[in-house]
*Asks:* 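My questions will all concern the structure given below.
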Amino acid sequence: MATSRPRVLQIGKMPLPPLDAELAQAYEVHILSEQADPDRFLAEQGGQFEYVVTSAAMGLSARVVDALPRLRFVSSFGVGFDALDRESLQRQGARVGYTPGVLDDCVADMAFALLLDAARGLSESDRFVRRGEWSRGRFGIRTRASGQRLGIFGMGRIGSTVARRAAGFDMEVAYHNRRPIEGSPHQYLPSLLELARWSDFLVITAAGGDGTRHLVNAEVLDALGPQGFLVNVARGSVVDEAALVTALQNRRIAGAGLDVFDDEPHPHPGLLALDNVVLAPHIASGTHETRRAMADLVLHNLAQFIATGEPVAEVPWSAAQQAATAAA
Ligand code: 8YV
């Protein structure tokens with residue numbers, strides 16, 4: 001006897017291809033981005049879905065949530081939830097699962113990859129060798145990373161993992177959050193400006209969203225100063241990208257390593273022309289191991305919610321509101 005599988009609205013293709021097939025095997029999946037007319041599809045069929053699967057990058061707009069009057073649960077691929085429309089979801093009473101914890105290591109690794117690259121000019125030196133310039137002259141000398149001061153903006157799970165990596169590089173760590181973390185071995189600085197002033201390397205691991213929008217502005221960049229480097233593995237929205245371009249162009253900071261941008265996949269065009277910034281296409285969690293673990297949690301959250309009414313890991317909306325500057 002055929003049993004009917006729960007219907008799931010998937011917003012688009014997932015960031016780990018096997019997950020599309022795994023979802024389609026377990027559920028009756030309809031992919032919104034593949035509908036000829038997504039608005040019409042929502043208007044005609046939106047009332048049939050209780051479950052949605054999306055990702056931190058695809059998000060979930062109020063327009064879609066409002067078209068799903070029976071929505072009960074959203075399973076999102078990612079630790080960030082700034083692109084999920086909280087207001088409409090809460091109005092609907094929909095619960096939201098996400099994937100914290102499993103990507104901390106790879107995101108922290110990426111923060112260090114960007115930090116070392118920005119300091120030592122690795123990407124730039126690769127371009128230098130490929131252009132055949134080595135036979136004509138020496139590559140310039142760069143900045144030491146080990147033993148320097150590392151400022152962490154957002155001492156959540158990812159920030160703490162970055163701090164652990166820093167110990168291996170003999171770096172001194174300080175951090176800024178809205179509130180000090182009880183029992184933290186690291187120095188707390190009460191403002192982002194003070195942290196920037198103190199830091200040789202300022203790493204952003206704070207959650208995105210309205211609470212942190214453009215907090216890293218021209219003033220903070222000037223406080224970081226001409227010897228300082230910025231690394232962002234959190235959200236592009238935390239940085240005023242136009243101010244960053246100006247600071248990099250005028251050498252008001254030494255350099256930057258960026259995995260995230262304000263308007264992905266369109267980094268500010270000014271960044272593309274600069275050699276003192278390393279650009280990555282939002283790949284911090286993009287390893288086989290971590291994306292698999294994220295996919296497993298997306299599946300587990302959905303299956304467990306359907307079976308018991310409780311997800312494994314639920315978005316902490318109110319905690320996020322209280323501590324907008326704490327990393328997710
Ligand atoms: C993912 C991310 O690349 O987890 C997050 O919040 O931004 C990244 O790990 C993204 O979720 C893929 O959509």
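Note that ligands are numbered from 1 as they come in the structure, with each ligand's atoms numbered from 1 the same way. Since we're looking at a predicted model, the values are computed, not measured. Heavy atoms only: backbone and side chains are in, while hydrogens, waters and symmetry mates are out.
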*Asks:* At a 4.0 Å threshold, what atoms of ligand 1 neighbour a non-hydrogen atom of P15?
*Replies:* 12 (C), 13 (O)
*Asks:* Could you list which atoms of ligand 1 come closer than 4.0 Å to a heavy atom of M294?
*Replies:*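 It comes down to these atoms of ligand 1: 4 (O), 9 (O).
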*Asks:* Give the atoms of ligand 1, by number and element, whose distance to some non-hydrogen atom of S55 is under 4.0 Å.
*Replies:* 13 (O)
*Asks:* Can you check whether G78 has an N/O within less than 3.5 Å of an N/O in ligand 1?
*Replies:* no
*Asks:* So, R7 versus Y51: side-chain donor-acceptor pair below 3.5 Å or not?
*Replies:* no
*Asks:* Show the atoms of ligand 1 that are less than 4.0 angstrom away from any heavy atom in S285.
*Replies:*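 So the atoms of ligand 1 that pass are 1 (C), 3 (O), 8 (C), 9 (O).
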*Asks:* Is it true that a side-chain atom of R157 and a backbone atom of V102 form a donor plus acceptor pair closer than 3.5 Å?
*Replies:*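 Answer holds: no.
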*Asks:* Would you mind telling me if ligand 1 is within reach of the side chain of R235, the backbone, both or neither, using heavy atoms under 4.0 Å?
*Replies:*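 It is the side chain that gets close, since no backbone atom is under 4.0 Å.
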*Asks:* Could you check atom 7 (O) of ligand 1 against the protein and tell me its nearest heavy-atom contact, residue, atom and distance included?
*Replies:* H282 NE2, 2.8 Å
*Asks:* Verify the distance criterion only: is there a donor paired with an acceptor across the side chains of D117 and S123 at less than 3.5 Å?
*Replies:* yes
*Asks:* Can you check whether M155 reaches V173 side chain to side chain, under 4.5 Å on heavy atoms?
*Replies:* yes
*Asks:* What protein heavy atom sits nearest atom 5 (C) of ligand 1, and how far away is it?
*Replies:*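 For atom 5 (C) of ligand 1, the nearest protein heavy atom comes out as V79 N, 3.4 Å.
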*Asks:* For the residue pair F305 and F73, does the interplanar ring angle fall in the parallel (under 30°), tilted (30 to 60°) or perpendicular (over 60°) class?
*Replies:*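 The arrangement is parallel - the two ring planes meet at less than 30°.
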*Asks:* Is it true that H282 and E264 share a donor-acceptor pair across their side chains at a distance under 3.5 Å?
*Replies:*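 Side chains of E264 and H282: pair found under 3.5 Å.
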*Asks:* Check this for me - ligand 1, L103, N or O atoms closer than 3.5 angstrom, yes or no?
*Replies:*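 In fact, backbone or side chain, L103 has no N or O that close.
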*Asks:* What do you reckon, does R291 put a non-hydrogen atom under 4.0 Å from ligand 1?
*Replies:* yes
*Asks:* Taking the side chain as every heavy atom from C-beta outward, state whether L297 and P100 have any pair of such atoms under 4.5 Å apart.
*Replies:* yes
